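Sharing a structure below in structure tokens format, with a few things to ask.
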Amino acid sequence: MTSKNTTLIARFPYLRQDFAASLVVFLVALPLCVGVAVASGVPAELGLITGIVGGLVTGLMRGSSLQVSGPAAGLTVLVLEAVKEFGLPVLGAIVLVSGLLQMGMGLLKLGRYFRAISVSVVEGMLAGIGLVLIAGQLYPALAAKAPGSGLGKIAGLPGAFLDALGDGKAVASIAVCAGTIAVLLLWKHVPAKVRTLPGPLAAVGLATVAAFTLDLPVATVEVQGLLEAVQPPPLSAFGELAGVGVLGTVVAFTLIASAESLFSAAAVDRLHTGPRTAYDKELLAQGAGNTLCGLLGALPMTAVIVRSAANVQAGARTKASRVLHGVWLLLFAALLPNVLAYIPIPALAGILVHSGAKLVPVRALAGLWREHRGEALILSVTALSIVAVSMFEGVLIGLALAVVKTAWEASHIGLEVIDKGAGPIDAHLTGNATFLRLPKILDSLESLPQDRPVRLDLSGLHHLDHACRTALESWAERHSAVGTEPVRLTVPVG
């Protein structure tokens, strides 16, 4: 071994493991980058650009050493809505400002607070995205045009399937999509040596070969070249940021991308024993990547759990693996862009239908309903609100519901009545006495016998708000006025 090799190994002791892992992540990321871009209504190259930035920029920065960033299925629905409503140039401005906000939150050390967001809201958000993503991608699978709204996509599916039955092009398209999903589902059962090729790449590769050799009449990806796809947002696009709709989209991008990235980081930390995530630094890294993606007019990025898990499982030890995966994406986009033109769009739709299904936690929801019905309700309402209204409003509804649930639980109160049949009745209040539970408290107290003395002990309360204190004192005056002994109140100290 030469001294040069020895020096290289000393400087990068895990280079071999990281190099192998980077190839696996590249093969997983390639079809997903292209698929997310096509589903978002933008050129396929923009998905690759976001993947490249995720590797070469975010990948080099501190935060989560093994987490991989790029375009995510979780933002597809929101990006598609933004492109349709505001146009591609404004998308760049939205992503840029979202990135700057993320960097600002990272510098202010707000990253850790995203961990306080209700898990049910985040899971409901992902489930809603998954439902809309599945419904939306079934239309390109049927060679049909998708309606604009989430409800419209779902409502229009039966008619789209009926229309497809007599259309040869639609039948070929759905066959390619179904075949792609079948490969993804069955890939875990193939021999281990074959599984070294990632399932998404194998599925798209087989679909591409089948469409080409059988000359199937299916739509394929449109290619315009990497440099041609880069379109920095013009100054006029930033003027659109004054609109309420655009500002709402910026807030949605910022919060959803940040929450998804930091929740992904927490999940990745559970997969390995290496350095833990520095949440504020990770948020800063995500913001830097999104700022550059905005400048290039590309898609927004988040940390992606599928790529990150593949990175860990492939044996990655340092951030070198994710940086190298960005290098491979860059080389592919620069040297082999025309290969994209052979990829069938129904195959990419199959990849995203499969990804969308993973976002809908059907089994977890059943268990959650048995153990924590309030959390299951928040998850379901958030998901259905996203389908029925929009991403931003759905998340706000979910957050509001989580706050209401927390407030309701925080106002939990217990009333214990001890009646020995003669003498005074002892009533003990424990917990938190707030106006939310005031009707329940008063109903219970007013049901006590009027002709018996009462001793009301409030010393077990953790909190007694002004409304409750006033109401309890008024009840004590009314009860004492009947002619019995005055109610004895034992109030909490402090």
Side-chain angles (χ1 to χ4, degrees), residues 28 30-48 71 73 76-77 79-81 83-84 129-187 198-224 337-360 387:
V28 172
L30 180 60
L32 291 174
C33 287
V34 176
V36 169
V38 172
S40 300
V42 304
E45 290 86 351
L46 292 184
L48 292 174
T76 301
V77 176
V79 173
L80 181 62
E81 290 177 359
V83 171
K84 283 184 176 179
I129 291 168
L131 292 172
V132 177
L133 188 60
I134 292 169
Q137 289 307 300
L138 287 176
Y139 286 90
L142 294 166
K145 185 177 180 181
S149 67
L151 281 178
K153 289 182 175 71
I154 294 173
L157 281 175
F161 273 106
L162 290 175
D163 293 340
L165 293 178
D167 186 342
K169 184 178 179 180
V171 170
S173 185
I174 194 65
V176 171
C177 178
T180 302
I181 296 173
V183 171
L184 289 170
L185 294 175
L186 298 174
W187 196 246
L201 186 70
V204 171
L206 290 171
T208 302
V209 170
F212 180 76
T213 55
L214 299 176
D215 195 24
L216 297 177
V218 296
T220 55
V221 175
E222 294 182 8
V223 177
Q224 63 182 60
N338 292 331
V339 173
L340 298 177
Y342 293 97
I343 298 177
I345 287 178
L348 297 177
I351 293 284
L352 291 172
V353 167
H354 183 258
S355 298
K358 288 182 176 181
L359 296 176
V360 184
V387 173

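Because the structure is a prediction, the values reported are computed rather than measured. The chain is numbered in sequence order, starting from 1.
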Separation between CG of L201 and OG1 of T208, rounded to the nearest 0.5 Å: 9.0 Å

P31 to L348 - nearest heavy-atom pair and separation: O-CD2, 3.9 Å

Closest contact, heavy atoms only, L142 versus A160: CD1-CB, 3.8 Å

Side-chain donor or acceptor of S173 paired with backbone N/O of A219 under 3.5 Å: no

Side chain T180, main chain I351, donor-acceptor under 3.5 Å: no

Which atom of I174 lies closest to which atom of V171, heavy atoms considered: CG2-O, 3.1 Å

Side chain to side chain, L184 and P200, heavy atoms closer than 4.5 Å: yes

Interatomic spacing from NE2 in H354 to CD1 in I134 - rounded to 0.5 Å: 10.5 Å

Heavy-atom closest pair, residues L352 and L133: O-CD2, 3.7 Å

More than 12 heavy atoms from other groups under 6.0 Å of NZ on K145: no

Atom pair SG/CG of C33 and L46 - distance to nearest 0.5 Å: 11.5 Å

E222 versus E45, closest heavy-atom pair with distance: O-OE1, 4.4 Å

Separation of D163 CG from D167 CG (nearest 0.5 Å): 9.0 Å

Contact check, side chains of L157 and Y139, non-hydrogen atoms, under 4.5 Å: yes

Smallest separation among heavy atoms of A155 and P158, with atom names: O-CD, 3.4 Å

Interatomic distance, T220 atom OG1 to I343 atom CD1 [nearest 0.5 angstrom]: 9.5 Å

With V79, the side chain to side chain contact (heavy atoms under 4.5 Å, CB included) member among T76, V77, V83: V83

Heavy-atom side-chain contact between P344 and L216 under 4.5 Å: no

V204 vs L30 side-chain heavy atoms within contact, under 4.5 Å: no

Distance, nearest 0.5 Å, that separates CD of Q137 from NZ of K153: 9.5 Å

